[in-house]
Amino acid sequence: MKLIGKYDWLLIVFVGFLILITLLPFSNGSNYNAFVYINNEMTYKIDLTKDGTYLVKEHVVVEVKDKKIRMKESDCPQQLCVKMGWISTPGVPIVCIPNKVMIIIEADPNNLDYDVITQ
């Protein structure tokens, strides 16, 4: 007795293909720029597709690797910005208050997810 025939396999492949097509527009792969603000002014625009290390302010070093960014070094007392680690999600900032530095990844305007819309 055969449980799965050739048409069953065709149906499974077709459904898998449909699932793959519906999930592609929701991928988070289009956010490739991070902005560095110093004293509330946008100072640097960093391309996240290029790995590297950047000195953005004296004693403040930012590192980019695998489309993620982090504050690698800072001379602030508690090192909270360094301890935050890598970010890759738009809208999640890394903030160093003593040095007045903020790093944030831009959001793709074509792929915004809203929790609530109010009027």
Side-chain angles (χ1 to χ4, degrees):
M1 185 171 162
K2 220 177 190 185
L3 295 176
I4 298 179
K6 66 178 178 178
Y7 293 110
D8 294 328
W9 283 111
L10 185 63
L11 180 65
I12 291 170
V13 169
F14 180 71
V15 170
F17 182 70
L18 285 178
I19 291 171
L20 180 65
I21 287 176
T22 58
L23 292 179
L24 282 178
F26 298 107
S27 67
N28 194 16
S30 59
N31 304 307
Y32 295 132
N33 292 314
F35 295 98
V36 178
Y37 292 86
I38 299 174
N39 294 326
N40 291 328
E41 292 183 26
M42 201 274 287
T43 310
Y44 297 101
K45 181 179 179 181
I46 299 176
D47 185 3
L48 296 179
T49 61
K50 299 176 183 172
D51 294 352
T53 305
Y54 305 91
L55 179 66
V56 295
K57 189 176 179 182
E58 188 176 352
H59 306 293
V60 178
V61 178
V62 172
E63 182 180 15
V64 175
K65 187 174 182 181
D66 299 327
K67 297 180 185 170
K68 297 177 185 177
I69 192 165
R70 73 173 176 156
M71 189 88 67
K72 185 176 181 179
E73 296 175 19
S74 178
D75 63 347
C76 57
Q78 293 183 338
Q79 299 283 304
L80 295 177
C81 55
V82 175
K83 292 175 185 174
M84 185 162 180
W86 297 94
I87 62 168
S88 61
T89 306
V92 178
I94 298 175
V95 179
C96 182
I97 294 174
N99 287 312
K100 298 179 183 174
V101 175
M102 180 177 75
I103 302 169
I104 192 162
I105 298 174
E106 73 177 1
D108 181 5
N110 298 322
N111 191 18
L112 292 176
D113 294 329
Y114 296 104
D115 289 336
V116 176
I117 298 176
T118 61
Q119 295 180 353

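Source: prediction; values computed, not measured. Sequence positions, counted from 1, serve as the residue numbers for this chain.
Put simply, Met84 and Val61 are part of two different groups of oily side chains (I, L, V, M, F, W, Y) that touch within less than 4.5 Å, one to the next. Under the 4.5 Å side-chain heavy-atom criterion for grouping Ile, Leu, Val, Met, Phe, Trp and Tyr, Phe35 is not connected to Tyr54 through any hydrophobic cluster. In this structure, Ile97 is a member of the same hydrophobic cluster as Ile104, with clusters built from ILVMFWY side-chain heavy atoms closer than 4.5 Å. Using a 4.5 Å cut-off between side-chain heavy atoms of Ile, Leu, Val, Met, Phe, Trp and Tyr, with links allowed through other members, Ile94 and Val101 fall into the same hydrophobic cluster. Hydrophobic clustering (ILVMFWY, side-chain heavy atoms < 4.5 Å, transitive): Val36 and Leu48 are in one cluster.
Counting all heavy atoms, side chain and backbone alike, Asn99 lies closest to Ser74 at ND2-OG, 3.0 Å. Closest non-hydrogen pair, Lys68 versus Ser88, comes out as CG-CB, 3.8 Å. Across Val64 and Lys50, no two heavy atoms sit closer than the pair CG1-O, 3.5 Å.
Between Ile46 atom CD1 and Glu106 atom CD the span is 12.5 Å, to the nearest 0.5 Å. Note that NZ of Lys72 is 12.0 Å distant from CG of Leu55, once rounded to the nearest 0.5 Å. Residue Ile105 holds its CD1 atom at 12.0 Å from OH of Tyr32, rounded to the nearest 0.5 Å. From Gln79, atom CD reaches atom SG of Cys96 across 8.0 Å, with rounding to the nearest 0.5 Å. In this structure, CD1 on Ile69 lies 9.5 Å from CD on Glu63, to the nearest 0.5 angstrom. Glu73 contributes atom CD, which lies 10.5 Å from atom NE2 of His59 (distance to the nearest 0.5 angstrom).
Surrounding NZ of Lys57 are more than 12 heavy atoms belonging to other residues, nucleotides or ligands, all under 6.0 Å away. The number of heavy atoms from other shown groups lying within 6.0 Å of CD (Gln78) does not exceed 12.
Remark: the backbone N or O of Asp66 is paired with a side-chain donor or acceptor of Asp51 at under 3.5 angstrom.
Considering only heavy atoms from C-beta on, Ile103 comes within 4.5 Å of Met71 through its side chain.
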With a cut-off of 3.5 Å and sequence neighbours excluded, list every side-chain donor-acceptor pair involving residues 10-20.
none

Mind listing the side-chain donor-acceptor pairs of residues 37-44 below 3.5 Å, one per line with the distance, residues two or more places apart or on another chain?
{"residue": "Thr43", "atom": "OG1", "partner": "Glu41", "partner atom": "O", "Å": "3.0"}

